[in-house]
Every structure is written in C-alpha cells, then in structure tokens.
Amino acid sequence: MRTFRYERAGSVSGAVALLAEAPHGAFLGGGTNLVDLMKLDVARPDLLVDVRRLTSDQVDELPDGGVRIGAATPNSELAADPLIRRRYPVLSQALLSGASGQLRNLATTAGNLLQRTRCPYFQNVTTPCNKREPGTGCSAIEGYHRDLAVLGTSPECVAAHPSDLAVALAALDAVVRTEGPDGERAIPMTELHRLPGPQPQRDTVLQHGELITAIDLPPLPFAARSCYRKIRDRASYAFALVAVAAAIDVADGVVRDVRLALGGVAHKPWRAVRAEELLRGGPAAQERFRQAAEAELADARPLPGNAFKVPLARNTMVRALLDLTGAPR
C-alpha cells in the first residue's frame, strides 16, 4: 500500500473543501471496498478524508410518508430497521444477500452504492483495463467474462456493477442527496450510475469532492409487496450472476403498477422500464411476465462466456413476479 495522508473533517462542507484541494484524494466511510483496492494498488489516493461521522446514521420518516436514510447508516442496521422491513422489504432482502454479517456491520449506505466493479482485470494491475487505465483496452472481452455485463456494454468495458442495495433503490425510485463544490443536489437513483460508453473509468455522475449525504425513499404503498431474488454461485457472500428487485400492485388479476430492476447484468443497476410498461394494465399471468422479461432483454449483447445470463435473467424475473402475485405457474 502506498503512503497517504489522513484527515478527519469536522463538517460535510469541510470534507468537501478538503477534497476539492486534493485531485487524487478520496472520501473514507466504512472502507470495505476502498481499502481493499488500495491494498491491490488499484486505488492510489494521496489523501483520505474520513466522513463516517459527518452524516446521519439513522432512518427517519419524512412528512410525506417517505423515508430518509442517512449516508452513514450501516448496512446491518438498515436491513434490520422495522420501518424498512415493513414498507420496503426488497431493500432489507437485498442487503442481507449482499455480504457477510461482519461486512454489513462496517459498510455504509453511501459506500455500498459507490463500490467498484469486481471484474478480475480491474483488480489486477498487471492486465490492461480501460476502467483502471483508460486507453489500455478491455481484457475481459477476449478473456474471462462469465460474471460480467450483458446489457448496456461498450467496446471499452463489459464490467458489471456489484451492489445489491443499488438495485433495490433503483427499483424504488430512490433519490440520492449530495453536497459538493457546487452546492447541494438531488439525483434520481436511476441516474447516479453511468453506462461505460467511451469513458468506463467514470462509474457515477458525481463530481470530484461530491459527497452523498442521504438517500430518500418515496412513499410507495405497494412496495410492501416486494422482493429481492439473487442468483449466485454460492449462498454465502457471493456477488450476483443475476438479481431482480421487484414490487408489484395487482387488483382483480390486473397489474396496476410495478417496479423492476436488474443486478449483475450491467455497468449500473438496470431499471427494467420496457418490462414495466408491458406489464402495467395487463394480466398478472406467467405468460405475460415472460413476454415482458423477454422484451427487456431483447437488446442484450452477451459474450460467449456469459450468454447463460440472458435466459437466467428472464427466468428470475418471471419467478420473482410469480412469487409476489401468486399467479398460476
């Protein structure tokens, strides 16, 4: 690990100011991803600004019936919060499937959203990787890519975003609140992360020195009927091959509203907008669920080693909707 300077700011604005003066600095929350990357020499910050105690670590109900999650809330506490478990079970399930208990105790809500890809070439500094070093090439395209993306990829990068929490938040229409050099802003969760395009080194739309302070969940009564289904190689502490966050509102056998997002298949949490549009107003039936899933995956561009993800994602979407609605199989 390279040498670096450590600072503990006294306020959010102070932390933002410190990082604004350090182009190669980084914020430090729980450190469960950043410290690992520093040990691998993938991340090389010359300044770490500790922000763990600067933002709220609580879950609070908002006047409109929504919920505000403090950026410093540990994953374990968020997963166990009674309000979250009752109103947004998909969120609790995603967190409990995401890591070991020890990691959940340390990892923060904001840090979970900003964790970087687990692509083996990104984590190996001896191999070319456009995300780590732009312009060097993507080793995964001709190499090992079984765990990587099939939607929204580019010739520069096929990495998949690893966060389970981010997928659930994308399905729930969450809003990310930040403070940065240009002041405060609110970013829809579906717009926080980027597809790789020609700049795969940029994971998010955040500016350097912009700090996540909270995440807001809108009032969404039918989110009480929601679930997170994750397919992985082993049940304990593995990243998703495919994951589905789903919430659905059904009355008299008709889908009145629905929220769907996919994980493990793209460079960002993938909101299944096309599938949602096809499901609304239609029957809550297995064949309809399958048609919607196939429509969502029609633009998938898998590589030879991860082509299995397309039917796996389709089947997982169908199964999640069947489980929520109780529709005949």
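Fair warning: this is a prediction, and the values are worked out from it, not measured in the lab.
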Show the nearest heavy-atom pair for residues [X] and [Y], with the distance to one decimal.
X	Y	value
Tyr144	Pro120	CD2-CG, 4.2 Å
Ala71	Thr108	O-CB, 3.5 Å
Arg202	His267	O-CE1, 4.2 Å

More than 12 heavy atoms of other residues, nucleotides or ligands under 6.0 Å from [atom1] of [X]: is that the case?
X	atom1	answer
Arg86	CZ	yes
Glu133	CD	no
His24	NE2	no
Arg280	CZ	yes

His161 and His193 aromatic centres sub-6.0 Å:
yes

Could you check whether any side-chain heavy atom of [X] comes within less than 4.5 Å of a side-chain heavy atom of [Y], counting everything from C-beta outward?
X	Y	result
Arg271	Met189	no
Leu165	Thr109	yes
Phe222	Val250	no
Glu191	Val205	no
Leu195	Lys268	yes
Val16	Pro181	yes
Leu260	Leu321	yes

Given Ile187, which partner from the list Val175, Ile212, Leu206 fulfils the side-chain contact (heavy atoms from CB on, under 4.5 Å) test?
Leu206

My understanding is that only one of Val167, Ile69, Ile215 makes a side-chain contact (heavy atoms from CB on, under 4.5 Å) with Leu91; could you say which?
Ile69

State yes or no: do [X] and [Y] share one hydrophobic cluster built from I, L, V, M, F, W and Y residues joined by side-chain heavy-atom distances below 4.5 Å, directly or via other members?
X	Y	result
Phe239	Val158	no
Phe308	Val244	yes
Leu192	Leu34	no

Please determine whether a side-chain nitrogen of the Lys or Arg among [X] and [Y] lies less than 4.0 Å from a carboxylate oxygen of the Asp or Glu.
X	Y	value
Asp60	Arg68	no
Arg116	Asp203	yes
Arg5	Glu7	yes
Asp41	Lys39	no
Arg229	Asp323	yes
Asp147	Arg118	no
Arg185	Glu210	yes
Arg2	Asp46	no
Asp57	Arg52	no

Nearest-0.5 Å distance that lies between atom CD in Gln291 and atom CD in Gln286:
11.0 Å

Interatomic distance, Ile141 atom CD1 to Cys157 atom SG [nearest 0.5 angstrom]
8.0 Å

Is it true that a side-chain atom of [X] and a backbone atom of [Y] form a donor plus acceptor pair closer than 3.5 Å?
X	Y	value
Arg146	Gly305	no
His145	Ala159	no
Thr117	Ala160	yes
Arg301	Ala149	no
Arg232	Ser97	yes
Gln115	Asn112	yes
Lys131	Glu156	no
Arg132	Thr127	yes
Asn130	Gly137	yes
Gln93	Cys227	no

Please assess Arg225 against Asp249 for the test salt bridge (charged side-chain N to carboxylate O under 4.0 Å, His left out), listing each intermediate value before the final yes or no.
CA-CA 8 Å; Arg225 179 186 279 184; Asp249 181 16; 6.0 Å; no

